[in-house]
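Along the sequence shown, the residues carry numbers beginning at 1. Values in this document were obtained by computation on a predicted structure and should not be read as measured data.
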Amino acid sequence: MQVTQISADGLRRAYRISVPAADIEDKVVARLTDLGREARIPGFRAGKAPLAILRRRFGEAVKGEVLQSAIVDATASAIDGEGIRPAMQPDIEDLEFEDGKDLEYTLALELMPEIEPPDLAAIALERMVVAVDEARVDEALGRLAEQHRHFSPAEDGAAAEDGDELVIDFEGSIDGEPFEGGAAEDFVLRLGSDRFVPGFEAQLLGARAGDEKTVAVDFPDDYPNDALKGRTASFAVAVKELRSADEAPIDDELARHVGADDLESLKARIREQIADEFERLSRARLKRSLLDMLAERDGFELPPGMVEREFETIWSQVEEAREKDGLDEDDKALAEDELRARYRAIAERRVRLALMLSEIGRANNIQVSEDELNRAMMEQARMMPDRAAQVFEFYRDNPAAMQSLQAPIFEDKVVDFVIEMAQVTDREVALDELTAEPAEPDAAPEEGQDG
């Protein structure tokens with residue numbers, strides 16, 4: 001096999017590869033011989049058919065199979081022999097082959113840039129920490145008690161107030177015609193829950209058991225049902241029962257009702273849940289700070305193909321959002337070329353971060369284990385329990401889908417490793433500061449990339 005570099009432009013390389021015709025023929029003969037041991041050819045005993053007969057019957061299919069295998073093997077050998085690291089799947093171009101002649105093709109690829117990983121021990125990060133105070137635990141207990149409070153029939157003639165429950169029948173219509181999903185019987189509605197279209201519940205305040213009311217509402221322009229958005233509907237409502245809320249004591253009985261031994265153990269459980277949520281938010285902000293810091297490290301060229309692929313992915317999402325009038329106001333204010341420039345910068349940032357994290361992971365032998373991938377597949381399968389087997393089969397037979405599972409796991413492992421090695425200083429903050437949206441929110445990568 002002969003490998004000749006024919007071009008070099010930045011990270012782009014092109015090689016002309018030639019595989020001798022004799023090597024192709026040897027592989028064709030070997031494959032035909034293997035087939036001949038099993039093939040049943042009329043007029044010949046099994047395994048005794050002449051090579052010429054086998055070539056006439058299977059030659060074209062075998063040649064295609066051998067050529068594909070030869071290209072894969074030659075490409076791998078060329079990459080290894082040249083000591084290069086492709087950034088993406090190489091392209092096969094200008095393929096030439098005729099019987100009796102050498103196989104020739106051009107291998108076009110982009111190289112991974114030379115990346116100098118940062119000194120992890122010199123990275124300084126600040127971790128926001130929020131203390132779990134008793135007031136927050138009491139607030140959560142109050143919400144829990146409210147969710148589990150009981151309701152009893154109201155006194156005769158009582159008028160509905162905010163927080164009461166109504167048992168109603170209703171039927172909605174638009175221009176006098178009922179619409180699908182607009183009717184129900186014995187529906188339990190808690191006033192103030194905002195479960196219905198805006199304005200519906202407010203018009204039932206003051207209603208009494210036995211009342212019949214007509215409620216008119218305007219469906220919002222962004223209502224998820226296209227047939228109803230922006231339309232005015234009229235609901236005929238029959239109030240069958242009014243229920244008032246009982247007291248909602250926070251005590252051992254409430255604790256036992258939600259599966260705890262007593263009130264103190266319930267408080268401990270809530271405190272732990274709040275602490276876990278604060279820790280999750282804190283890690284997300286810490287990760288964001290780290291990614292911001294790594295993204296500012298320049299000094300290496302980005303593979304153009306990787307940037308273009310990432311930009312095309314992002315841009316297709318932008319166009320989809322634009323078709324649904326889902327762009328934010330900042331994007332709407334930009335001209336087309338400005339919008340493209342903005343999202344190309346985001347694509348470049350994501351690729352830069354992906355390459356940096358990939359290099360840190362490679363340098364420190366960080367890998368995603370089979371067990372971690374299996375757990376990720378199980379999480380996906382839990383979302384569709386009736387199709388769990390198909391979910392596992394889909395991922396195992398689809399390398400791109402498997403990569404979509406592996407990439408975020410790898411990214412988190414690298415981030416955790418860097419945080420462990422870095423100098424991290426804790427700073428206690430208020431919850432508002434922890435949950436505040438950081439500047440330039442589009443800078444953080446939304447999905448894992450390489451690994």
Side-chain angles (χ1 to χ4, degrees), residues 1-115 300-310 312 351 355 358-359 362 397-400 402-403 450-451:
M1 184 185 79
Q2 183 176 352
V3 180
T4 304
Q5 181 173 308
I6 58 177
S7 69
D9 180 15
L11 294 176
R12 289 192 173 102
R13 297 287 187 278
Y15 300 88
R16 192 64 180 171
I17 296 180
S18 177
V19 181
D23 292 353
I24 301 296
E25 177 62 15
D26 288 346
K27 292 181 179 181
V28 169
V29 170
R31 182 62 180 137
L32 288 173
T33 302
D34 287 342
L35 287 173
R37 295 191 183 99
E38 303 293 336
R40 295 186 176 277
I41 308 296
F44 299 93
R45 287 182 295 164
K48 298 299 182 181
L51 183 63
I53 299 297
L54 294 170
R55 192 185 293 273
R56 281 201 298 271
R57 173 163 290 204
F58 304 113
E60 287 303 313
V62 165
K63 183 168 63 176
E65 178 184 326
V66 166
L67 287 176
Q68 183 175 3
S69 175
I71 291 171
V72 171
D73 292 344
T75 297
S77 178
I79 290 172
D80 185 60
E82 294 294 318
I84 55 179
R85 293 174 58 206
M88 301 170 58
Q89 185 70 24
D91 291 325
I92 306 300
E93 302 172 350
D94 303 328
L95 179 67
E96 296 180 8
F97 178 76
E98 294 180 18
D99 288 337
K101 294 186 177 181
D102 293 348
L103 164 66
E104 293 190 356
Y105 65 93
T106 296
L107 178 67
L109 47 74
E110 292 180 356
L111 305 182
M112 287 285 288
E114 292 294 327
I115 302 173
F300 62 89
E301 185 179 355
L302 301 180
M306 290 186 71
V307 173
E308 189 61 31
R309 183 179 63 181
E310 183 64 26
E312 289 175 356
V351 170
L355 292 175
S358 178
E359 186 62 25
R362 189 178 74 90
D397 295 343
N398 190 330
M402 185 65 81
Q403 171 65 14
D450 270 73

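L11 and P113 make their closest contact through CD2-CA, 4.0 Å (heavy atoms, listed as atom of the first residue, atom of the second, distance). A pairwise comparison of heavy atoms in M112 and P86 identifies CG-O, 3.7 Å as the closest pair. Here the shortest heavy-atom pairing between Q5 and A8 reads NE2-CB, 3.5 Å. Considering every non-hydrogen atom in both K63 and V28, the closest pair reads CA-CG2, 4.5 Å.
By the 4.5 Å heavy-atom criterion applied to side chains, K27 and V19 are not counted as neighbours. The side-chain heavy atoms of I71 and L103, taken from C-beta on, include a pair separated by under 4.5 Å.
No salt bridge links R309 with E312; every basic N to acidic carboxylate O contact stays at or beyond 4.0 Å.
Applying the salt bridge (charged side-chain N to carboxylate O under 4.0 Å, His left out) test to R57 and every residue at least two apart in sequence or in another chain returns nothing. By the salt bridge (charged side-chain N to carboxylate O under 4.0 Å, His left out) test, E25 is found to be paired with R55, residues two or more places apart in sequence or in another chain being considered.
The backbone N or O of G305 sits less than 3.5 Å from a side-chain atom of E110, completing a donor-acceptor pair.
Heavy-atom neighbours of E308 CD from other residues, nucleotides or ligands within 6.0 Å: above the threshold of 12.
Exactly one of T33, L32, D26 qualifies for a side chain to side chain contact (heavy atoms under 4.5 Å, CB included) with V29. That residue is T33.
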